[in-house]
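This report concerns only the one structure given below.
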Amino acid sequence: QVQLVESGGGLVQAGGSLRLSCARSGSISNIDPMAWYRQAPGKQRELVAVTSSLITSFADSVKGRFTISRDNAKDTVYLQMNSLKPEDTAVYYCNAVSRGISYWGQGTQVTVSS
């Protein structure tokens, strides 16, 4: 049983920072890539950041403000979010792909107040 568990969400004022964590448990190997998505109310889920053995990429809306990193020893991926804006408000989901199978976490709410 593979699980991805996000944490670190919460309420923050505009201009503030949060760090999201996604911890992986269970039997899964050859994970590539790992990514963060988000879904705001009434909108489609969108890719925020992705990291793989080849590239790291960000949505235009978060470039220069968000960073993504992996700690393979801890089976954890992080999303550092700085200079947060109200439009960053969404549920953030962790995603991992292994051998063509996509795994999702349950999501963590991020709310940015103006």
Side-chain angles (χ1 to χ4, degrees):
Q1 187 76 18
V2 175
Q3 280 192 314
L4 300 175
V5 180
E6 300 100 334
S7 60
L11 173 64
V12 64
Q13 288 188 333
S17 298
L18 285 174
R19 188 176 81 154
L20 305 183
S21 300
C22 172
R24 172 176 58 84
S25 63
S27 176
I28 182 173
S29 61
N30 298 309
I31 298 173
D32 198 40
M34 292 196 74
W36 286 94
Y37 288 74
R38 68 185 180 187
Q39 188 167 18
K43 295 188 177 181
Q44 290 189 330
R45 191 172 296 189
E46 64 174 351
L47 178 65
V48 175
V50 59
T51 181
S52 74
S53 58
L54 297 175
I55 63 166
T56 296
S57 182
F58 299 89
D60 287 343
S61 58
V62 307
K63 280 181 182 177
R65 300 188 298 121
F66 290 12
T67 57
I68 186 171
S69 60
R70 290 175 69 166
D71 185 336
N72 291 325
K74 296 182 178 180
D75 293 334
T76 301
V77 64
Y78 303 96
L79 184 69
Q80 178 66 44
M81 306 186 295
N82 299 324
S83 302
L84 283 161
K85 303 176 181 180
E87 51 263 44
D88 294 319
T89 294
V91 178
Y92 284 71
Y93 297 91
C94 177
N95 174 263
V97 177
S98 173
R99 303 181 188 277
I101 299 173
S102 185
Y103 301 89
W104 293 91
Q106 83 289 348
T108 185
Q109 176 71 47
V110 171
T111 302
V112 184
S113 63
S114 58

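This chain uses plain numbering: 1 for the first residue, then up along the sequence.
Under the side chain to side chain contact (heavy atoms under 4.5 Å, CB included) criterion, S69 pairs with Y78, sequence neighbours left out. Residues passing the salt bridge (Lys or Arg N to Asp or Glu O under 4.0 Å) test with E87, sequence neighbours excluded: none. Considering only residues two or more places apart in sequence or on other chains, T67 meets the side chain to side chain contact (heavy atoms under 4.5 Å, CB included) condition with Q80. Listed by chain and number, the residues in a side chain to side chain contact (heavy atoms under 4.5 Å, CB included) with S53 are D32 (sequence neighbours excluded).
Between V12 and L84, the shortest heavy-atom distance links the atoms CG1-CD1, 3.6 Å. Across every non-hydrogen atom of L4 and C94, the tightest pair is CD1-O, 3.9 Å. Of all heavy-atom pairs between S21 and T76, the closest is CB-CG2, 4.3 Å.
At a cut-off of 3.5 Å, with distance as the only test, a side-chain donor of S102 or N95 sits close to an acceptor on the other residue.
Side-chain atoms of T108 do not come within 3.5 Å of backbone N or O of Y92 as any donor-acceptor pair. The backbone N or O of S83 lies less than 3.5 Å from a partner atom in the side chain of R65, making a donor-acceptor pair.
One distance of note links CG of L79 with CE of M34; it measures 11.5 Å at 0.5 Å rounding. Considering CD of Q106 and OG of S7, their distance stands at 8.5 Å, rounded to 0.5 Å. Separation of atoms CD1 (I101) and CD1 (I31) is listed at 11.5 Å; rounding is to 0.5 Å. Atoms CD1 and CE, from I68 and M81 in turn, are 11.5 Å apart once rounded to the nearest 0.5 Å.
Here I55 sits in one hydrophobic cluster together with L54; the rule is ILVMFWY side chains under 4.5 Å apart, joined directly or through other members. With side-chain heavy atoms closer than 4.5 Å counting as contact, directly or through intermediates, the hydrophobic cluster containing V50 also holds Y37, L47, V91, Y93, W104.
In this structure the side chain of W36 reaches within 4.5 angstrom of the side chain of V77, judged on heavy atoms. Proximity of T89 to R38: side-chain heavy atoms (C-beta onward) are nowhere separated by under 4.5 Å. Side-chain contact between P33 and T51: absent, with no pair of heavy atoms (C-beta onward) separated by less than 4.5 Å. Between L20 and E6, the closest side-chain pair of non-hydrogen atoms is not below 4.5 Å.
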What's the verdict on salt bridge (Lys or Arg N to Asp or Glu O under 4.0 Å) for D88 and K85, showing C-alpha distance, side-chain angles and the deciding distance? CA-CA 5 Å; D88 294 319; K85 303 176 181 180; over 6 Å; no
